[in-house]
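Worksheet: one structure, shown below.
Here is the naming used below: chain letters follow the sequence lines, and residue numbers restart at 1 for every chain.
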2 protein chains.
Amino acid sequence: MKIDSEHLEILAMIVERGGLTEGAEALGKSQPSVSRTMAIFEKRLGVPLFEPGRRPLRPTDLGLELARIGQRIHNLSLEASVLVDRVQSGRAGHLRIGGTPLFMDGVITPLLADLQEQVSGLQFEQAYGYFDSLATRLRNKTIDMAVLPMHARQIPIDMDFLPILSGRNVIACRQGHPLTRRGAITLADIAEFSWVSPPQDSPLFRDLKRVIQSIGASENVKFTFSGGTLASITSFLARTNCLTVLPYSVVHMVRDALRITTLPVRVDHPERQLGILSLKGGDQPTAAQTVIDHIRSHCAALEARIEKEQQFAALRA
Amino acid sequence: MKIDSEHLEILAMIVERGGLTEGAEALGKSQPSVSRTMAIFEKRLGVPLFEPGRRPLRPTDLGLELARIGQRIHNLSLEASVLVDRVQSGRAGHLRIGGTPLFMDGVITPLLADLQEQVSGLQFEQAYGYFDSLATRLRNKTIDMAVLPMHARQIPIDMDFLPILSGRNVIACRQGHPLTRRGAITLADIAEFSWVSPPQDSPLFRDLKRVIQSIGASENVKFTFSGGTLASITSFLARTNCLTVLPYSVVHMVRDALRITTLPVRVDHPERQLGILSLKGGDQPTAAQTVIDHIRSHCAALEARIEKEQQFAALRA
DNA sequence: GTGCTCGCTGTCGATCTTCATATCAAAACC
DNA sequence: GGTTTTGATATGAAGATCGACAGCGAGCAC
């Protein structure tokens, strides 16, 4: 005998509320509907659930026991509700984020960790890549969003791009680097030191070359170390006098923890902006909006701090 | 957001069976029905339960969690099923039995205890009364069945009577009573002893008077103790040399435990039979049939033993 | 590319819900 | 104690929803 769990829930509510009418009301159903449902249920069981011929409906022993089970089913159903509510409101869920390695490790991951602190229940899956692979993965739906630097004119027609930070780059070195003690830094000063470069297929590597060109030091540049992750680059920087080019935002986020700093040298920065790329109409998980909001607000604050710092640095220079 | 527990059950089954078609089959529903139900469910949630565009339908994380809840709901539903099955098959339930006090305490209660040992889950409620009150309570439905001695012609038109034992009475006394040591007992012998009588409104009391008349001792009968329950009567008998009249079946059941026995004196026994009275078409709880069957089979055995004993006693006399 | 399996959609019949109303048991009243 | 009132449940008929069958379309494998 298969029993309909909804019947049990209805029974539970009737017993809890002490009457068919009240139970129906609590269930958001009409009284006749509930009455008939219970009548059918009783008929199918062949055993009475309510004492016959009693006007304020009183459950039999079996009715009480089944009602207890119905109550448990109802509780489980409520449990499912809160689960769904959490996911619906973006406070829980699974999100696959791809992005350029340095920016992900330097800026996004700390922000995600921060968000996770605030609302537990989110799960992130991180993937690394540059524009082409990220775009492909978005179209494949193997990631939900990508975080990367882009030119406005580079945005694919089938995607949305939401800028979150200016793409400003800086020359970075360890804290206490000889160059940081100088008042004004000349190109000759810089030329003394060798460079650590980001992965050679990264946009940042092209930025690096541009920077070096712009300061006229392109001739005999020494690359001591190339490729790797943010961790390896900063680790290398911290132990040597090498220089590198990094997004200002990344340096800003990690400079205290990883003991690196920026050189007060103006480098021209590309017109790209760091932002979030996503498929148009891609039906994002609701958690995505929560994450995007979080990233945006924090990056806006970050951008403001960076702006202030740069003005201060310019004044000092 | 109220969630339909049935949707969760369906989801659980789909996940468990690893496919929509198999799930539908396991649920005894058609595949399109299940498909549409899940589609509506997803739409209402606004969150996908299955990874979109995957052919062997694969649940999302949320889908998995909800399925787990659905599985628990399903288990509760099964629990309810076995509960109902037990009640349906009479292996559980609540039964209100009324009857004449001595017969209830002496014969029926031990049998019910015996039955309870075999199939736990039954609940009994015992009530005492004689014909009129028992019939009224049957019609009021405050008891489900009555156990009492009846004449065939006394059976109300709206009731069924199922005989279970002959109404044979005997003279009872304590084991080791002086009269038990004699070979043959004369009326004079009996006249020496005083009597314990059952409640004066009981049919057994009328039997007692008839017995006394039939042995011609009606003149100076002494009643030492009257009324009370089987426990009080037997307790009184055991400590004195008093006599009483009891149904043979009652004596047979309790003689070892309560140290009483019968006197080998023929007493004429009424034409009544001990049996079970119930309302016609009274829609008995299924447990009632189980109980009735149990009582009948044991009483049949009891009757057979009594028969044998009486033949033996007659031989000896 | 081609076959195959599996899931989605259109249509019809069955079931369930609802509003209005009858019936009934318990309480209140005379 | 009998009758009326009241509060609560059952029932009837119309409308909405759900389920089954047939047919279509999309992923997956070879």
For the pair A/T60 (side chain) and A/L49 (backbone), establish whether a donor and an acceptor sit closer than 3.5 Å, ignoring hydrogens and angles. yes
Identify which nucleotide among D/dA8, C/dG7, D/dA10 has an atom closest to any side-chain atom of B/L20, counting heavy atoms from C-beta outward. C/dG7
To the nearest angstrom, how far is B/K43 atom NZ from C/dC8 atom P? 14 Å
The helix from C/dG1-D/dC30 to C/dC30-D/dG1: angle between end helix axes, five pairs per end, rounded to 10 degrees: 40°
In whole angstroms, how far is the C1' atom of C/dC6 from the CD atom of B/E51? 17 Å
A/S278 meets the side-chain contact (heavy atoms from CB on, under 4.5 Å) criterion, sequence neighbours left out, with A/D160, A/Q284
Would you tabulate the side-chain donor-acceptor contacts of residues 148-155 of chain A under 3.5 Å, counting partners in other chains and residues two or more places apart, or write 'none'?
from	atom 1	to	atom 2	distance (Å)
A/Q154	OE1	A/H151	N	3.0

The criterion is side-chain contact (heavy atoms from CB on, under 4.5 Å); which residues satisfy it with B/R36, sequence neighbours excluded? none
What's the CZ-P distance between B/F50 and C/dG7, to the nearest Å? 9 Å
Can you tell me how far P of D/dC18 sits from CG of B/L27, to the nearest Å? 17 Å
Just the table, please: protein N/O against nucleotides 15-19 of chain C N/O, every pair under 3.5 Å.
from	atom 1	to	atom 2	distance (Å)
C/dT17	OP2	A/S33	OG	3.3
C/dT17	O5'	A/S33	OG	3.4
C/dT18	OP2	A/S30	N	3.0
C/dT18	OP2	A/S30	OG	2.8
C/dT18	O4	A/R36	NH2	3.0

Where do N or O atoms of nucleotides 22-25 of chain C meet protein N or O atoms at under 3.5 Å, pair by pair?
none

